Amino acid sequence: VCHGLARGILGPMLPQDAAQRERILEAHLQNLESFLRGTPTVMQIQVNAVLGLLGNAPTRYMLTNLGDSWRDASDAQIERALDTMRVNPLPTNRLTYQVVRGLTCMCFFSNSANWPLTGYPGPIDL
């Protein structure tokens with residue numbers, strides 16, 4: 001689930017080269033896992049519930065209209081699925097989007113190895 005979410009949320013910043021892109025995604029997933037292990041148990045339970053909903057085919061379809069698994073879906077399908085959650089009239093669907101986007105971005109941008117991909121040169125010396 002997190003691999004597909006990262007592809008959709010971080011897509012424009014990821015390299016075009018498939019091998020390099022996959023390496024960065026795998027490093028991101030490891031960073032995300034480490035981050036989540038350091039959060040309070042109640043947050044881990046809540047994130048696990050959200051990811052469970054997005055990983056389960058029937059609830060994934062209800063939340064995103066995505067019929068394929070996140071791994072099997074094309075980038076365009078993932079983009080549409082994220083947009084479905086982002087602009088959904090139901091607050092719970094929008095909140096789900098905000099949670100997964102926030103976690104994905106927080107973990108990706110907190111890793112200084114990813115900064116060159118985004119064009120951010122790093123903090124300036126004062």
Side-chain angles (χ1 to χ4, degrees):
V1 172
C2 292
H3 185 277
L5 291 169
R7 283 175 40 216
I9 294 166
L10 306 171
M13 292 171 275
L14 298 174
Q16 295 298 314
D17 177 69
Q20 187 180 15
R21 179 179 166 119
E22 193 58 34
R23 266 193 314 278
I24 289 169
L25 284 169
E26 290 303 321
H28 167 71
L29 293 176
Q30 290 174 1
N31 188 34
L32 179 63
E33 186 174 339
S34 295
F35 170 78
L36 289 172
R37 283 190 179 151
T39 62
T41 304
V42 68
M43 184 173 173
Q44 291 177 28
I45 291 168
Q46 291 169 340
V47 169
N48 189 44
V50 168
L51 295 176
L53 289 170
L54 291 171
N56 180 4
T59 51
R60 179 183 59 243
Y61 187 78
M62 287 172 45
L63 286 167
T64 66
N65 287 333
L66 181 63
D68 292 335
S69 72
W70 293 96
R71 278 266 186 194
D72 294 338
S74 69
D75 289 346
Q77 288 173 307
I78 290 173
E79 185 177 334
R80 283 192 302 275
L82 291 171
D83 279 344
T84 296
M85 285 193 296
R86 184 178 59 83
V87 300
N88 198 289
L90 296 174
T92 53
N93 289 38
R94 291 192 311 270
L95 180 60
T96 301
Y97 170 79
Q98 292 167 356
V99 166
V100 296
R101 184 179 183 275
L103 283 173
T104 300
C105 290
M106 188 175 4
C107 288
F108 184 79
F109 292 111
S110 67
N111 183 351
S112 60
N114 294 328
W115 294 350
L117 298 170
T118 67
Y120 176 58
I124 58 171
D125 292 329
L126 298 177

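Below, all heavy atoms of this structure are taken into account, side chains as well, without hydrogens, waters or symmetry copies. Predicted model, so just to flag it, every value in this text is computed and none were measured.
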* To do: Start with the C-alpha distance between Glu33 and Leu36, add both sets of side-chain angles, then the distance that settles side chain to side chain contact (heavy atoms under 4.5 Å, CB included), and finish with yes or no.
  => CA-CA 5 Å; Glu33 186 174 339; Leu36 289 172; 5.9 Å; no
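- Summarising the geometry, atom CG belonging to Leu32 is positioned 12.5 Å from atom NE2 belonging to His3; distances are rounded to the nearest 0.5 Å.
- Side-chain contact between Phe108 and Leu117 is present, with at least one heavy-atom pair separated by less than 4.5 Å.
- When the shell of 6.0 Å around OH of Tyr61 is examined, it contains 12 or fewer heavy atoms from other residues, nucleotides or ligands.
- In this structure a side-chain-to-backbone donor-acceptor pair under 3.5 Å is missing from Arg71 to Gly4.
- Residue Glu79 holds its CD atom at 10.5 Å from OG1 of Thr84, rounded to the nearest 0.5 Å.
- The minimum heavy-atom distance between Asn31 and Cys107, with the atom names listed, is ND2-O, 2.7 Å.
- Across all their heavy atoms, Trp115 and Phe109 have their closest contact at NE1-O, 2.7 Å.
- Contact of the Val47 side chain with the Gln44 side chain is not registered, since no non-hydrogen atoms from C-beta on lie closer than 4.5 Å.
- With rounding to the nearest 0.5 angstrom, the OG1 atom of Thr92 is 11.0 Å from the CE atom of Met85.
- Under the 3.5 Å distance criterion, the side-chain polar atoms of Arg7 are left unmatched by any main-chain donor or acceptor of Leu14.
- Of the inter-residue distances, the one linking Arg86 atom CZ with Thr64 atom OG1 reads 14.5 Å to the nearest 0.5 angstrom.
- A continuous path of hydrophobic side-chain contacts links Val100 to Met43 [ILVMFWY only; heavy atoms under 4.5 Å].
- No side-chain heavy atom of Ser112 sits less than 4.5 Å from a side-chain heavy atom of Tyr120.
- One distance of note links OG of Ser69 with CG of Leu54; it measures 12.5 Å at 0.5 Å rounding.
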* side chain to side chain contact (heavy atoms under 4.5 Å, CB included) between Ser74 and Asp68: does it pass, once the steps are laid out? -> CA-CA 9 Å; Ser74 69; Asp68 292 335; over 6 Å; no
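- Around CE of Met106, the count of heavy atoms belonging to other residues, nucleotides or ligands within 6.0 Å exceeds 12.
- At least one donor-acceptor pair under 3.5 Å links the side chain of Asp17 to the backbone N or O of Gln20.
- One finds the CG atom of Asn114 at 8.0 Å from the CG atom of Leu10 (value rounded to the nearest 0.5 Å).
- Val99 and Leu90 sit in two unconnected hydrophobic clusters of ILVMFWY residues. Membership requires side-chain heavy atoms under 4.5 Å apart, directly or through other members.
- A salt bridge does not link Asp83 with Arg80: none of the charged nitrogens is closer than 4.0 Å to a carboxylate oxygen.
- A donor-acceptor pair under 3.5 Å is absent between the side-chain atoms of Thr104 and the main chain of Arg101, judged by distance alone.
- Panel note: side chain Arg60, backbone Leu66; a donor-acceptor pair is recorded below 3.5 Å.
- Across Leu51, Leu103, Ile78, a single residue satisfies side-chain contact (heavy atoms from CB on, under 4.5 Å) together with Leu5, and that is Leu51.
- Salt bridge annotation for Arg21-Asp75: present, with a cationic side-chain nitrogen under 4.0 angstrom from a carboxylate oxygen.
- The heavy-atom pair separating Leu25 from Ala6 by the smallest distance is CD2-CB, 3.6 Å.
- Taking the side chain as every heavy atom from C-beta outward, Asn111 and His28 never approach each other to under 4.5 Å.
- Nearest heavy atom pair, residue Ile9 against residue Met13, reads O-CE, 4.3 Å.
- Judged purely by atom type and a 3.5 angstrom limit, Thr59 uses its side chain to pair as donor or acceptor with the backbone of Leu53.
- The number of heavy atoms from other shown groups lying within 6.0 Å of CD (Gln77) is above 12.
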